[in-house]
2 protein chains.
Amino acid sequence: MIRRATTENLFRASEISTTLAAMKPADPPKPASGPTRARAATLTDVARLAGVSVATASKALNGRSQVRAETRVRVQEAAERLAFRPNPLARSLLAGRTGTVGLLTSDLEGRFSIPILMGAEDAFGAGRAAVFLCDARGDSIREQHHVQALLERRVDGLIVVGSRTDPRPSLGRGLPVPVVYAYAPSSDTDEDLSIVPDSVGAGRMAVGHLLACGRSRIAHITGDVNYLAARERAEGAARAMGEAGLHLLEEPLYGNWSEGWGRAAATMLLDRHPDLDALLCGSDQIARGALDILRERGRTVPDEVAVMGFDNWHAVTDGARPSLTSVDHNLQEIGRVAAQALFQAIDGRMRRGVELQPGRVVIRASTVALG
Amino acid sequence: MIRRATTENLFRASEISTTLAAMKPADPPKPASGPTRARAATLTDVARLAGVSVATASKALNGRSQVRAETRVRVQEAAERLAFRPNPLARSLLAGRTGTVGLLTSDLEGRFSIPILMGAEDAFGAGRAAVFLCDARGDSIREQHHVQALLERRVDGLIVVGSRTDPRPSLGRGLPVPVVYAYAPSSDTDEDLSIVPDSVGAGRMAVGHLLACGRSRIAHITGDVNYLAARERAEGAARAMGEAGLHLLEEPLYGNWSEGWGRAAATMLLDRHPDLDALLCGSDQIARGALDILRERGRTVPDEVAVMGFDNWHAVTDGARPSLTSVDHNLQEIGRVAAQALFQAIDGRMRRGVELQPGRVVIRASTVALG
DNA sequence: AAAGACTGGGAAAAGGCTTTCGGTTGGAAC
DNA sequence: GTTCCAACCGAAAGCCTTTTCCCAGTCTTT
């Protein structure tokens with residue numbers, strides 16, 4: 001059966017939640033008219049089938065030592081037969097730990113959050129913790145709300161993923177569980193742990209690659225000056241030039257992160273420095289714009305001018321002509337490291353401060369050694 | 001403090017998990033050396049402070065009728081004072097429902113999953129359910145594994161998000177909780193519910209827009225023929241032409257989803273049909289490639305040739321010259337509808353079959369009325 | 001042979017909450 | 001003065017698992 005959505009079933013989620021406590025106290029809601037499903041086997045069932053007490057059954061299944069081997073086998077077989085799965089609710093009610101963590105993103109749209117989230121999900125999955133995903137959509141009220149909801153659910157810890165590398169307000173020191181900040185560091189650097197990309201290092205690394213290609217007349221176009229990432233990459237680039245006894249052709253050109261700005265800035269630079277032999281662009285999109293202008297002006301890439309970007313965004317780098325060399329920030333690794341640090345913190349070994357994760361240069365066709 | 005990652009703390013998550021039950025039965029693990037945190041207030045605390053029994057406290061806070069108004073207020077104030085939050089573990093242990101759902105994606109990288117996930121997360125958040133995120137990375141073994149893990153956690157339902165609109169294997173009929181498939185429909189259309197984009201309708205809609213712009217010599221370049229989405233959009237496009245008493249200039253050109261293919265196909269088409277006045281491209285990236293060729297050939301867009309794509313991927317549409325008209329599949333809405341349907345299913349009102357969600361044309365500068 | 005040391009196993013408590021059911025009160029009805 | 005009925009409240013059971021503690025054997029020691 002194929003049905004097309006009509007207006008009648010296109011209503012919003014807000015209408016779903018069962019009407020909340022009106023003014024008048026109401027008595028038990030209708031007795032769940034849903035189909036009765038077969039009840040899952042409990043430890044009691046297993047114990048009965050194996051002919052032992054629940055205590056023994058528990059010990060047998062959890063590998064405690066006070067059980068005879070033969071009894072253990074009998075219990076295990078019983079558990080197998082009944083497809084018994086211990087109820088994690090009961091288990092964590094007792095243990096105080098739930099084996100869950102909260103992953104709080106500020107905006108899922110941002111393409112930077114996703115790889116981090118993947119890395120974290122991966123690490124947690126391997127460590128047998130489940131991840132609650134919450135998206136605050138850049139709204140701090142909503143964020144606060146989600147934090148409360150997660151704490152009520154007794155998560156064992158939180159990872160807060162930002163969408164920019166600029167410091168963000170800390171969730172505060174009073175939380176009952178450890179928190180790790182990823183990508184966007186917490187402003188409370190003394191107390192909190194943050195895992196962030198090494199932007200200065202990335203800038204340095206990029207220039208290093210261009211220098212290694214024999215380029216020396218290098219200009220830098222980058223994005224919004226209000227982004228710490230832009231300023232730090234520029235700083236790293238300038239330092240790397242300085243250490244080689246060189247200077248950028250001129251001060252970095254700040255603008256925004258768009259292709260349009262890449263085109264505009266590249267046009268200006270080509271007019272002012274017709275002899276430039278490399279263009280370092282603050283993002284792949286800016287680089288993409290610059291590439292378009294270079295082709296229109298008849299400057300061959302990479303022979304006459306080498307071009308590189310940041311972010312290693314495949315959709316952009318691979319479609320470019322020629323394909324674009326770019327600095328990858330290893331975001332997935334940031335997610336993994338954050339998850340691993342959170343595990344440690346939950347175990348009582350909390351690290352603090354800001355930890356920088358190195359990036360790497362991914363070489364494609366837009367850069368090549370001179371001559 | 002700022003630290004740079006060194007090899008010693010760059011180890012993998014797999015090393016984290018505490019060594020699993022070796023052959024020899026082992027006794028209780030070390031007694032959690034973590035710092036002791038202030039215990040959260042329980043219902044018992046509230047009851048004591050309010051001078052009532054836990055039973056009354058529970059009834060007062062849950063709006064049951066058997067409580068005097070004055071007593072209720074006293075309990076509420078006590079709860080307030082202690083910042084009491086009911087422990088959801090205890091609550092759902094009793095109720096059988098956890099208020100959690102599993103969101104199973106096949107690949108987080110795919111940019112199609114993300115908006116769906118956002119829509120679902122949004123709807124669930126509004127309905128006060130928490131979302132467990134799991135990424136199967138396109139591996140069915142891993143998927144099975146995650147399903148088991150989610151069921152063990154007693155989720156109330158599952159949403160399975162695919163990365164292509166081609167049907168995918170059903171998780172099966174034996175599951176103890178309802179499942180809704182989003183984007184990729186289940187192959188078991190009789191039993192399962194799937195919410196998918198209306199690709200035929202999208203193709204029809206696109207051609208409709210071009211016809212409305214007064215175009216009639218229209219060609220269609222699209223992606224991989226193995227993708228149902230490609231074939232269905234082409235079908236919709238062909239039908240819309242037929243209904244207008246027209247035909248596409250030639251059969252749809254299938255290739256892949258890249259800019260490179262867009263350039264190659266556009267080149268061929270311009271050679272064969274120099275008089276074409278519109279190019280319908282199966283993805284924004286393909287359209288982007290086509291735009292590049294048109295500009296290089298000196299054909300003005302949109303005056304001479306109108307161009308449009310599918311997916312409404314902002315990063316691509318906005319940077320294009322001129323900005324690209326595209327069909328948006330309303331993926332976020334698909335996520336929302338799926339979440340809402342799952343809620344209903346959990347309440348015992350399960351829908352079945354395949355439900356199509358309509359897309360919409362987002363008009364930008366690459367299409368305009370002729371003359 | 002008596003005392004101690006293990007071993008295997010069970011009873012019971014704990015964890016926090018909801019719900020059932022029975023008991024108490026005060027007032028209205030007879 | 002009894003009977004009945006609400007309204008209100010509390011004791012206790014139940015959800016499912018883990019852990020502590022104790023008991024009954026069995027095996028070593030002197």
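Numbers restart at 1 for each chain; the letters A, B, ... are given by sequence-line order, proteins then strands.
- Between C:dG10 and A:Thr56, a contact under 4.0 Å exists linking OP1 or OP2 to a side-chain N or O.
- Contact detail for B:Tyr181 and B:Leu171: the closest heavy-atom pair is OH-N, 2.7 Å.
- D:dC15 atom P lies 18 Å from atom CG of B:Leu89, rounded to whole Å.
- Residues B:Leu94 and A:Arg91 both approach DNA chain D. Their nearest nucleotides, taken by heavy-atom distance, put B:Leu94 toward the 5′ side.
- B:Asn62 places its CG atom 17 Å from the C1' atom of D:dC8, with the value rounded to the nearest Å.
- Residues B:Asp188 and B:Ser170 have side chains that never bring a donor and an acceptor to within less than 3.5 angstrom of each other.
- For B:Leu93, counting side-chain heavy atoms from C-beta on, the closest listed nucleotide (D:dG10, D:dC16, C:dT18) is D:dC16.
- Spacing between atom CZ of A:Arg97 and atom C1' of C:dG15 amounts to 16 Å, rounded to whole angstrom units.
- Distance, A:Leu61 CG to D:dT19 P: 13 Å, rounded to whole Å.
- What separates CZ of A:Arg64 from P of D:dT18 is a distance of 9 Å, to the nearest Å.
- Closest approach to the B:Ala90 side chain among C:dT18, D:dA12, C:dG16 is made by C:dG16 (side chain taken as heavy atoms from C-beta onward).
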- Check the pair B:Arg72, B:Glu77 against salt bridge (Lys or Arg N to Asp or Glu O under 4.0 Å), reporting the backbone distance first and the verdict last. CA-CA 9 Å; B:Arg72 187 187 305 278; B:Glu77 281 172 358; over 6 Å; no
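- Nearest-nucleotide positions on DNA chain D for B:Ala57 and A:Pro88 put B:Ala57 closer to the 5' end.
- B:Glu121 has a carboxylate O that lies under 4.0 Å from a charged side-chain N of A:Arg137, or vice versa, which qualifies the two as a salt bridge.
- Comparing atom distances between the B:Thr42 side chain and each of C:dC17, C:dG10, C:dT20 picks out C:dC17 as nearest.
- At a threshold of 4.0 angstrom between heavy atoms, the contacts of A:Ser92 with the nucleic acid are absent.
- The CG-C1' distance, from A:Leu43 to D:dG14, rounds to 16 Å in whole Å.
- When each of B:Pro86 and A:Gly51 is assigned the nucleotide of DNA chain C bearing its nearest heavy atom, the one mapping closer to the 5' terminus is A:Gly51.
- Phosphate contact (OP1/OP2 of C:dT7, side-chain N/O of A:Arg68, threshold under 4.0 Å): absent.
- The side chain of A:Asn87 approaches D:dC16 more closely than any other nucleotide in the set D:dC16, D:dC9, C:dT18.
- When the P atom of C:dG10 is taken as reference, atom CZ of A:Arg48 falls 14 Å away, rounded to whole Å.
- Here C:dT20 presents its C1' atom at 10 Å from CD of B:Gln66, a figure rounded to the nearest Å.
- A salt bridge does not link A:Glu152 with B:Arg91: none of the charged nitrogens is closer than 4.0 Å to a carboxylate oxygen.
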